[in-house]
Amino acid sequence: MRFVEANGARIPAIGLGTWELRERACARVVEQALKLGYRHIDTAQVYENEREVGDGLRASGVKRDDIFLTTKIWTTHFAPHDLERSAKESLVRLRMSEVDLLLLHWPNPHVPLAETLGALAHAKRQGLTRHIGVSNFTVALIEEAVALCPEPLVCNQVEFHPYLDQSKVKAACARHGMALVAYSPVAKGRIKTDGTLMRIGRAHHKTPAQICLRWLVQQNVSAIPRTSKIERLSENIDIFDFSLTDEEMREISLLHSPTGRLTDFAFAPKWD
Ligand SMILES: NC(=O)c1ccc[n+]([C@@H]2O[C@H](COP(=O)([O-])OP(=O)(O)OC[C@H]3O[C@@H](n4cnc5c(N)ncnc54)[C@H](OP(=O)(O)O)[C@@H]3O)[C@@H](O)[C@H]2O)c1
């Protein structure tokens with residue numbers, strides 16, 4: 001496993017996304033992932049599966065200290081006291097004394113960012129989390145957050161895959177020593193039939209998903225693909241025994257387009 005180093009955090013380059021994984025199936029996938037060598041699990045309050053993620057972690061038998069666990073505070077809990085209370089509720093559901101990374105899930109323009117970041121930093125100082133970060137922040141918001149936050153931010157988790165150009169966000173993260181954590185890293189499965197990824201895959205005896213994930217990791221990005229299928233768990237982590245050439249990296253980088261974003265903003269909070 002490779003790691004992405006970011007402001008004191010060591011984030012495993014591949015993690016397991018858990019959005020839409022629910023109940024016993026969620027616990028089972030988390031347990032299997034850890035047994036197969038995953039050491040990074042991504043959940044969120046809004047996924048309503050923190051309890052099952054915690055169950056999967058314990059069932060795996062992997063030592064808690066060896067696992068990098070992220071959860072995210074939903075935007076309705078961004079007022080300082082709410083943030084602290086909801087972070088503690090997440091820990092109760094997870095049955096953990098701390099997480100490794102606590103993120104603000106989306107920006108919320110209705111609560112002053114300084115207050116929310118102050119509360120997030122306080123959660124870290126209280127020992128509720130080892131590291132803090134943000135998600136779905138634009139370049140302008142990253143700059144604002146870095147200037148306002150009393151503790152270092154270790155990442156911005158954003159949508160990133162070959163169909164979406166994130167070079168500006170990536171550069172902003174790098175400027176501040178933050179990692180970019182890529183969500184929807186296999187473009188929700190759309191990479192499966194991509195001609196370019198299939199062709200490059202044939203040269204390396206790898207699948208399009210493996211080529212796509214390798215392309216992300218080779219840019220010092222951490223990626224959190226989700227799968228409900230045990231066989232794909234092994235596929236998505238088996239990317240550390242080959243390298244893409246500079247030409248292959250460049251070719252994949254050219255696949256982006258202005259319509260490449262997949263995030264359904266209906267899922268994002270509504271502000272009015
Ligand atoms: N911070 C945020 O706002 C935010 C937003 C979205 C997601 N996330 C996080 O990022 C994680 C990943 O993003 P995502 O779930 O949107 O998308 P994703 O990981 O890009 O795609 C998941 C989809 O791809 C399929 N898939 C997985 N591995 C595959 C492979 N090797 N070959 C072919 N298809 C494959 C899965 O199907 P099967 O289940 O059938 O394998 C599933 O339908 C989430 O689970 C969540 O933890 C965060």
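All ligand and atom numbering here is 1-based and tracks the order in the structure. Residue indices begin at 1 and follow the sequence shown.
Contact between Gln210 and ligand 1 is absent, with no heavy atom of the residue lying under 4.0 Å from the ligand.
Under the 6.0 Å distance and 45° angle rule, Arg39 does not count as a cation-pi partner of Phe68.
At a heavy-atom cutoff of 4.0 Å, ligand 1 is contacted by no atom of Glu20, backbone or side chain. Heavy atoms from both the backbone and the side chain of Arg226 come within less than 4.0 Å of ligand 1. Of all the heavy atoms of Val158, none lies under 4.0 Å from any atom of ligand 1, so neither backbone nor side chain is involved. Here Leu262 has no heavy atoms under 4.0 Å from ligand 1, in either its backbone or its side chain. When heavy-atom distances to ligand 1 are checked against a 4.0 Å cut-off, Lys188 comes that close through both its backbone and its side chain.
Checking only distances, Pro185 does come within under 3.5 Å of ligand 1, N or O to N or O. Any N or O atom pair closer than 3.5 Å counts here, and Gly189 shares at least one such pair with ligand 1.
Taking every heavy atom of Lys192 and a limit of under 4.0 angstrom, the matching atoms of ligand 1 come to 33 (C). Every atom of ligand 1 with a heavy atom of Ala209 under 4.0 Å away is listed here by number and element: 30 (C), 31 (N), 32 (N). Taking every non-hydrogen atom of Ile224 and a distance limit under 4.0 Å, the qualifying atoms of ligand 1 come out as 9 (C), 10 (O), 11 (C), 12 (C). Interface atoms of ligand 1 facing Thr18, defined by a heavy-atom separation under 4.0 Å, are 45 (O), 47 (O). Taking a cut-off of under 4.0 Å to the non-hydrogen atoms of Ser228, the atoms of ligand 1 that pass are 38 (P), 39 (O), 40 (O), 41 (O). If you number the atoms of ligand 1 from 1 as listed, the ones under 4.0 Å from a heavy atom of Tyr47 come out as 4 (C), 8 (N), 9 (C), 46 (C), 47 (O), 48 (C). Proximity to His105 (heavy-atom distance under 4.0 Å) selects the following atoms of ligand 1: 1 (N), 2 (C), 3 (O). Residue contact check: Thr227 has heavy atoms under 4.0 Å from atoms 27 (C), 38 (P), 39 (O), 41 (O) of ligand 1.
Annotation: salt bridge (charged side-chain N to carboxylate O under 4.0 Å, His left out) contacts of Glu144 (sequence neighbours excluded): none.
With distances taken over non-hydrogen atoms, the option nearest atom 17 (O) of ligand 1 out of Ala182, Ser184, Gly15, Ala44 is Ser184.
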Under 3.5 Å, which donor-acceptor pairs do the side chains of residues 25-32 form with other protein atoms, sequence neighbours left out?
from	atom 1	to	atom 2	distance (Å)
Glu31	OE2	Lys35	NZ	2.7

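Note: His105 and Trp74 have perpendicular aromatic rings, judged against thresholds of 30 and 60 degrees for the angle between ring planes.
For Asn49 and Glu20, the side-chain atoms include no donor-acceptor pair closer than 3.5 Å. Side-chain contact check for Thr43 and Trp19: no donor-acceptor pair (N or O, by modelled atom type) lies under 3.5 Å. Between the side chains of Thr263 and Tyr183, at least one donor N or O lies within less than 3.5 Å of an accepting N or O. Ser184 and Glu159 share no donor-acceptor pair across their side chains, judged by distance under 3.5 Å alone. Side chains of Thr207 and Glu235: a donor on one and an acceptor on the other come within 3.5 Å.
A salt bridge links Arg199 and Glu251; the closest N-O separation between the charged side-chain nitrogens and carboxylate oxygens is under 4.0 Å.
Aromatic ring centroids of Phe242 and His204 lie under 6.0 Å apart.
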